[in-house]
Q: 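I have a structure here, written as structure tokens, and I will follow up with some questions on it.
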Amino acid sequence: MQQAEIYEFLEEYFNNNQCEIVDRSPGHLKVQLTIDMDKELMNRPFYWHYLEKTGGIPNPASITFITNKEKAPEGLKGEFIHFGSPRLHQLFQSTKKLAGFVRLYEKTPVMPNKQTSLFPWLLVNIKISYECDTKKKIAFVHMA
């Protein structure tokens with residue numbers, strides 16, 4: 001995964017999770033997290049427990065990711081994110097947890113004054129495991 005792909009992944013991840021991208025350049029993203037995403041990513045359980053018990057006003061964190069040091073503004077402080085970084089792997093795990101299904105639509109050409117029927121697609125990813133003296137795994141993807 002190249003740095004440009006990581007940048008695109010970050011943009012899509014935070015947009016899909018309703019986080020506001022406050023500042024961006026080709027080398028960095030500054031994101032204002034929502035309450036749910038702050039709880040998911042920032043590891044502040046005592047802060048959130050305290051706020052929930054006292055009824056305080058929540059203040060979700062903002063985080064800056066630097067994907068390209070040459071293209072980022074001079075003197076910008078943030079977290080450099082690359083393929084081996086623990087934060088990127090945390091985001092991958094969060095994606096697996098939050099995205100249990102996929103909704104796909106067929107892209108059809110637009111015809112004026114004509115309705116186009118869309119056909120539903122079902123994508124199933126199944127892993128079957130048979131266990132006895134030896135273990136045998138079968139994995140396949142079925143599209144209908």
Side-chain angles (χ1 to χ4, degrees), residues 1-111 116-144:
M1 187 175 239
Q2 301 297 323
Q3 290 302 106
E5 293 170 326
I6 292 172
Y7 184 86
E8 290 172 13
F9 169 76
L10 291 173
E11 272 189 322
E12 190 171 334
Y13 176 84
F14 289 114
N15 283 330
N16 288 336
N17 288 299
Q18 289 77 40
C19 295
E20 179 186 0
I21 298 177
V22 178
D23 188 23
R24 73 176 73 189
S25 76
H28 86 286
L29 280 176
K30 183 174 183 178
V31 180
Q32 178 63 49
L33 299 175
T34 62
I35 293 171
D36 293 332
M37 291 310 297
D38 188 305
K39 289 178 182 179
E40 177 77 21
L41 299 175
M42 298 307 290
N43 193 21
R44 305 191 302 169
F46 298 114
Y47 172 77
W48 290 109
H49 180 73
Y50 175 77
L51 277 182
E52 289 167 359
K53 291 295 182 185
T54 61
I57 299 170
N59 185 18
S62 66
I63 188 165
T64 303
F65 294 109
I66 299 172
T67 56
N68 189 333
K69 291 181 180 178
E70 288 93 31
K71 294 181 180 178
E74 188 75 26
L76 179 70
K77 295 191 188 253
E79 187 174 342
F80 180 64
I81 192 161
H82 54 88
F83 188 67
S85 66
R87 177 71 76 181
L88 185 61
H89 288 280
Q90 180 188 23
L91 292 171
F92 289 157
Q93 292 301 318
S94 172
T95 302
K96 284 182 185 178
K97 179 180 163 188
L98 297 174
F101 64 93
V102 178
R103 190 179 305 162
L104 299 174
Y105 295 97
E106 184 179 5
K107 198 173 215 176
T108 57
V110 177
M111 305 267 190
T116 306
S117 298
L118 296 177
F119 297 100
W121 288 67
L122 175 64
L123 298 175
V124 180
N125 191 0
I126 299 173
K127 180 179 178 182
I128 301 172
S129 202
Y130 297 105
E131 293 187 26
C132 62
D133 294 341
T134 59
K135 191 171 186 178
K136 183 177 179 181
K137 291 183 181 177
I138 301 171
F140 62 90
V141 174
H142 176 72
M143 296 194 306

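All heavy atoms count here, side chains included; hydrogens, waters and symmetry mates do not.
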Q: How far does CD1 of I35 sit from CD of E52, to the nearest 0.5 angstrom?
A: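 So the CD1 of I35 and the CD of E52 are separated by 9.0 Å.
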Q: Could you go step by step and tell me if K39 and R44 meet the side chain to side chain contact (heavy atoms under 4.5 Å, CB included) rule?
A: CA-CA 7 Å; K39 289 178 182 179; R44 305 191 302 169; over 6 Å; no
Q: Is the F65-F14 ring centre distance short of 6.0 angstrom?
A: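 Here the rings of F14 and F65 have centres that are less than 6.0 Å from each other.
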Q: Donor-acceptor pair, distance only, cut-off 3.5 Å: does the side chain of Q3 make one with the backbone of T67?
A: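 Checking the backbone N and O of T67 against the side chain of Q3, a donor-acceptor pair under 3.5 Å is found.
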Q: Crowded around E12 CD? As in, over 12 foreign heavy atoms under 6.0 Å?
A: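 Counting other residues, nucleotides and ligands, CD of E12 stays at 12 neighbours or fewer.
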Q: Answer yes or no: is there a donor N or O on one side and an acceptor on the other, between the side chain of E5 and the main chain of Q2, under 3.5 Å?
A: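 Such a contact is found between E5 side chain and Q2 backbone.
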Q: To the nearest 0.5 angstrom, please state how far the CG atom of L41 sits from the CZ atom of R87.
A: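 If I round to the nearest 0.5 Å, the distance is 6.5 Å.
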Q: Would you sort out whether V31 and T64 count as a side chain to side chain contact (heavy atoms under 4.5 Å, CB included), showing the intermediate values?
A: CA-CA 6 Å; V31 180; T64 303; over 6 Å; no
Q: Is the backbone N or O of T34 less than 3.5 Å from a side-chain atom of D38, with the two atoms forming a donor-acceptor pair by type?
A: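 Side chain of D38 to backbone of T34, a donor-acceptor pair under 3.5 Å: no, none is there.
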Q: Tell me whether the guanidinium CZ or amine NZ of K69 lies under 6.0 angstrom from the six-membered ring centre of F80 and within 45° of its axis.
A: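 Positive - K69 is close enough to the ring of F80 and near enough to its axis.
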Q: Side chain to side chain contact (heavy atoms under 4.5 Å, CB included) between I81 and I66: does it pass, once the steps are laid out?
A: CA-CA 6 Å; I81 192 161; I66 299 172; over 6 Å; no
Q: Can you tell me how far the NE2 atom of H28 sits from the OH atom of Y7, to the nearest 0.5 Å?
A: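 H28 atom NE2 to Y7 atom OH measures 7.5 Å (nearest 0.5 Å).
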Q: Given 3.5 Å as the limit, does a donor-acceptor pair link the side chain of D23 with the main chain of K30, or not?
A: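 No, because the side chain of D23 does not come within donor-acceptor range (under 3.5 Å) of the backbone of K30.
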Q: Are side-chain heavy atoms of V22 and L29 found at a separation under 4.5 Å?
A: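 Heavy-atom side-chain distance check fails, nothing below 4.5 Å.
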Q: Kindly compute the distance separating CD (E79) from CG (L88), expressed to the nearest 0.5 Å.
A: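 Going from the CD atom of E79 to the CG atom of L88 covers 10.0 Å.
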Q: Between M37 and Y13, is the side chain to side chain contact (heavy atoms under 4.5 Å, CB included) condition met? List the steps.
A: CA-CA 11 Å; M37 291 310 297; Y13 176 84; 2.9 Å; yes
Q: Do the ring centers of F46 and H49 come within less than 6.0 Å of each other?
A: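 Aromatic pair excluded; centres sit 6.0 Å or further apart.
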Q: Can you tell me how far the CG atom of L98 sits from the CG atom of N17, to the nearest 0.5 Å?
A: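 These two atoms lie 5.5 Å from each other.
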Q: Should we count OH of Y50 as having more than 12 external heavy atoms under 6.0 Å?
A: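 Open: at most 12 neighbouring heavy atoms sit under 6.0 Å from OH of Y50.
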Q: What's the separation between atom CG in L51 and atom CD1 in I57, rounded to the nearest 0.5 Å?
A: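 It is 9.5 Å, given to the nearest 0.5 Å.
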Q: Quick one: does any side-chain atom of N68 pair with a main-chain N or O of E70 as donor and acceptor, under 3.5 Å?
A: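 Here the side-chain-to-backbone pair exists.
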Q: Under a 3.5 Å distance rule, please check whether Q32 uses its side chain to pair with a backbone N or O of P60 as donor and acceptor.
A: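 Yes, because the side chain of Q32 sits within donor-acceptor range (under 3.5 Å) of the backbone of P60.
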Q: Where is the tightest heavy-atom contact between S25 and A72, given as atom of each residue plus distance?
A: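 Of all heavy-atom pairs spanning S25 and A72, the closest is OG-CA, 4.3 Å.
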